[in-house]
Amino acid sequence: MSTSKRPWWDWVQKHLDDHNLLAADMVKRCSFYHARVSRWREGVNASVPHSKEVAEFFGMDVREGLIAAGYLTREESGLAEGSQAAKPRRLHVADLTDEELVDELARRLASRT
């Protein structure tokens, strides 16, 4: 079994990749700044509130975030193995600014090449 020095970030990155999202997409929808994400990449663990918020961003039970951040074991959580429903929360396009819409369109078009 591989032991990463940054298990929290590895978990976040896996779910970002699974949903074809960037860390910037997460930062836009959450209450923390990009500097926090940079610290996570370096191996700093998320706080309890941030681990919950990131789990909610991915549409998951907040206990999944607490498990990923090491605050709770799967056994303590009462969640069955593989129970996570990792689906990012969806926003209505009316909730986005014009700039966010343009950025998203540019990102999608760039990924086609």
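Sequential numbering from 1 along the given sequence is applied to the chain's residues.
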Find the distance between [atom1] ([X]) and [atom2] ([Y]) and round it off to the nearest 0.5 Å.
X: Ser47; Y: Lys52; atom1: OG; atom2: NZ; value: 10.0 Å
X: Lys28; Y: Glu99; atom1: NZ; atom2: CD; value: 10.0 Å
X: Arg39; Y: Trp8; atom1: CZ; atom2: CH2; value: 14.5 Å
X: Leu21; Y: Gln13; atom1: CG; atom2: CD; value: 10.5 Å

**Prompt:** Between Arg74 and Glu64, is the closest basic N to carboxylate O distance under 4.0 Å?
**Reply:** yes
**Request:** Please test Val62 against Glu53 for side chain to side chain contact (heavy atoms under 4.5 Å, CB included), starting from the C-alpha separation and ending with a verdict.
**Result:** CA-CA 7 Å; Val62 295; Glu53 185 175 11; over 6 Å; no
Compare all side-chain heavy atoms of [X] with those of [Y] and state whether any distance is below 4.5 angstrom.
X: Val44; Y: Trp9; result: no
X: Asp18; Y: Phe58; result: no
X: Asp17; Y: Lys14; result: no
X: Asp61; Y: Leu79; result: yes
X: Arg6; Y: Glu42; result: no
X: Ile67; Y: Glu76; result: no

Heavy atoms only: give me the nearest [X]-[Y] pair and the separation to one decimal.
X: Ser51; Y: Ala46; result: N-CB, 4.1 Å
X: Gly65; Y: Ala55; result: N-CB, 3.6 Å
X: Ala23; Y: His34; result: CB-CE1, 4.4 Å
X: Cys30; Y: Phe57; result: SG-CB, 3.9 Å

**Prompt:** Does the separation of the ring centres of Trp40 and Phe32 fall below 6.0 angstrom?
**Reply:** yes
**Message:** Which label fits His19 and His15: parallel for a plane angle under 30°, tilted from 30 to 60°, or perpendicular past 60°?
**Reply:** parallel
**Request:** List the steps, then state whether side chain to side chain contact (heavy atoms under 4.5 Å, CB included) holds for Val27 with Val37.
**Result:** CA-CA 8 Å; Val27 170; Val37 174; 3.6 Å; yes
